[in-house]
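Encoded as structure tokens, the structure appears first; notes follow it.
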Amino acid sequence: MTTSTPLNKIIVNDCTLRDGMHALGHQYSVAQMVAIAGKLDEARVDIVEVSHGDGLQGNSFNYGFSAHSEREYIEAVRAELKHARLAALLLPGIGTRADIDEARAMGVDTIRVATHCTEADVARQHIEHGRRLGLDTVGFLMMAHMTPTAELVRQAKLMESYGAHCVYVTDSAGALLMEETREKVGALRDALDCQVGFHNHNNLGLGVANTIVAIEAGADRVDGSVAGMGAGAGNCPLEVLIAVCERMGLETGVALYPLIDCADQIVRPLQRRPVQTDGNALMLGYAGVYSSFLLHTERAAERFGVDPRDILVELGRRGMVGGQEDMILDVALELAARSAD
Ligand SMILES: C[C@H](O)CC(=O)C(=O)O
Ligand SMILES: [Mn+2]
């Protein structure tokens, strides 16, 4: 299958059931996922992503165990979707090509292969495999704020050369300013023949604004989550984005009311920790730290009696990236030892 959604409209990829897993410590019930998926499908969102927050096979001590298996989640959501395509995320090294085979067998249409923004080459086998299987195949360059635009373009071109239908500028830390978003998305748009996507986090309160800037700069696909349900201060809140797009005359084909109902009646009531730009979430964007480090950092801060903001600033200073969750404990311990001196 290739990209079946016509390009005269923006393609909307929902992350409530994948990035939203981070916000819940990966503890959605299957019934909650199905209820949310039903509303997303009713709203005619193009793509609904399901998997552990850290992608297929993310279930682990390092990333946290989910309440149910990926098979239970994916099969239940698949059965609920009548309109939307089903996506899964995969980080090479956490998930493997065999997991892509299995995802396809469970009815996944779109595979999104995520690497750190300077490591596109580790996605080669997975992107090529997705294409061989006939999947809509996406490259996802994470922590895009950490690399200069020219290098991001070089990495995106690698993903395109492996066969990606779309390459994303992924603002994992919610750290990009609006001009930086315009520059990075615009540069990919100019350099690539394939589609360009944009995914972000609301840590600096720029979730919707940056997504609109990305659309203006030529993004074909954009991500969002209902009520922002995602790591850190959450993703671009989808219902707000759709309302703004409607006001601006930007065609998404997505209905607003089912998303608002989903946000107010289903998603916000299940948030254990409100998904919002509170102090610690703000510090993620300010310090340029991977959004899914938030809950791990708060737990470490409490355990070792240190200020979570200091941990985040130090993680940002050290340039820690996804996969280095163990460093959160190291930094917390070091800060605790320093304050005991
Ligand atoms: C594995 C990450 O949660 C992927 C993502 O959504 C991001 O980098 O942002
Ligand atoms: Mn994310």
Side-chain angles (χ1 to χ4, degrees), residues 13-26 28 47-60 62-64 66 70 87-95 99 110-120 122-123 126 138-147 152 155 159 166-176 181 184 197-204 206-207 210-211 214 221-238 241 275 277 281 284-285 288-297 315 319-325 328:
N13 190 121
D14 176 84
C15 298
T16 314
L17 304 179
R18 198 279 304 164
D19 216 313
M21 285 282 261
H22 290 299
L24 264 188
H26 315 283
Y28 274 120
I47 304 174
V48 171
E49 184 169 69
V50 178
S51 41
H52 185 280
D54 293 284
L56 296 172
Q57 298 293 356
N59 259 324
S60 60
N62 199 34
Y63 297 112
S66 55
E70 252 146 12
L89 184 79
L90 177 133
L91 277 65
I94 301 176
D99 296 312
T110 296
I111 188 76
R112 305 211 300 172
V113 184
T115 73
H116 182 63
C117 57
T118 53
E119 294 178 358
V122 303
H126 307 81
V138 174
F140 207 67
L141 289 167
M142 299 187 288
M143 299 290 275
H145 74 284
M146 287 182 77
T147 200
L152 193 69
Q155 298 288 329
M159 286 183 158
C166 177
V167 180
Y168 266 68
V169 174
T170 302
D171 183 13
S172 313
L176 287 179
T181 300
K184 287 189 189 313
F198 183 69
H199 170 103
N200 76 350
H201 288 261
N202 201 27
N203 303 331
L204 291 176
L206 295 175
N210 270 344
T211 305
R221 300 191 189 196
V222 294
D223 288 12
S225 292
V226 175
M229 190 67 177
N235 298 120
C236 171
L238 189 57
L241 177 70
V275 173
T277 308
L284 294 164
V289 175
Y290 204 52
S291 295
S292 59
F293 281 12
L294 179 64
L295 301 189
H296 299 281
T297 299
L315 290 168
M320 293 296 123
V321 302
Q324 293 183 296
E325 280 75 1
I328 299 170

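Remember, it's 1-based here, ligands and their atoms both numbered in the order they're listed. Start at 1 with the first residue, then count along the sequence. Excluded from the calculations below are hydrogen atoms, water molecules and symmetry mates; all remaining heavy atoms, backbone and side chain alike, are included.
Closest approach between the Mn ion (ligand 2) and any N/O/S atom of H201 involves NE2. Restricting H199 to its N, O or S atoms, the one at the least distance from the Mn ion (ligand 2) is NE2. Within D19, the N, O or S atom lying nearest to the Mn ion (ligand 2) carries the name OD2.
Proximity of C236 to D223: side-chain heavy atoms (C-beta onward) are nowhere separated by under 4.5 Å.
Ligand 1 has no nitrogen or oxygen under 3.5 angstrom from a nitrogen or oxygen of D54.
H201 and D19 are linked by a side-chain donor-acceptor pair at a separation below 3.5 angstrom, with hydrogens and angles left out of the test.
Close approach of ligand 1 to T170 (heavy-atom distance below 4.0 Å) involves ligand atoms 7 (C), 8 (O), 9 (O). Residue contact check: R18 has heavy atoms under 4.0 Å from atoms 2 (C), 3 (O), 4 (C), 5 (C), 6 (O) of ligand 1. The H201 neighbourhood of ligand 1 comprises atoms 9 (O), with distances under 4.0 Å to a heavy atom of that residue.
Scanning the protein heavy atoms around atom 1 (C) of ligand 1, the nearest turns out to be Y290 OH, 3.2 Å.
The heavy atom nearest to atom 8 (O) of ligand 1, considering only G232, S172, A173, is found in S172.
The backbone N or O of G322 sits nowhere less than 3.5 Å from a side-chain atom of Q324 that would complete a donor-acceptor pair. One N or O on the side chain of S225 and one on the backbone of T16 form a donor-acceptor pair closer than 3.5 Å. The backbone N or O of M143 lies less than 3.5 Å from a partner atom in the side chain of S172, making a donor-acceptor pair. Remark: the backbone N or O of G174 is not paired with any side-chain donor or acceptor of N200 at under 3.5 angstrom.
A heavy-atom separation below 4.0 Å is found between H22 and ligand 1. Within the 4.0 Å heavy-atom cutoff, G53 counts among the residues contacting ligand 1.
Checked options M159, H116, K184; the residue passing with L141 is M159 (criterion: side-chain contact (heavy atoms from CB on, under 4.5 Å)).
Listed here is the closest heavy atom pair of T277 and A233: OG1-CB, 3.5 Å.
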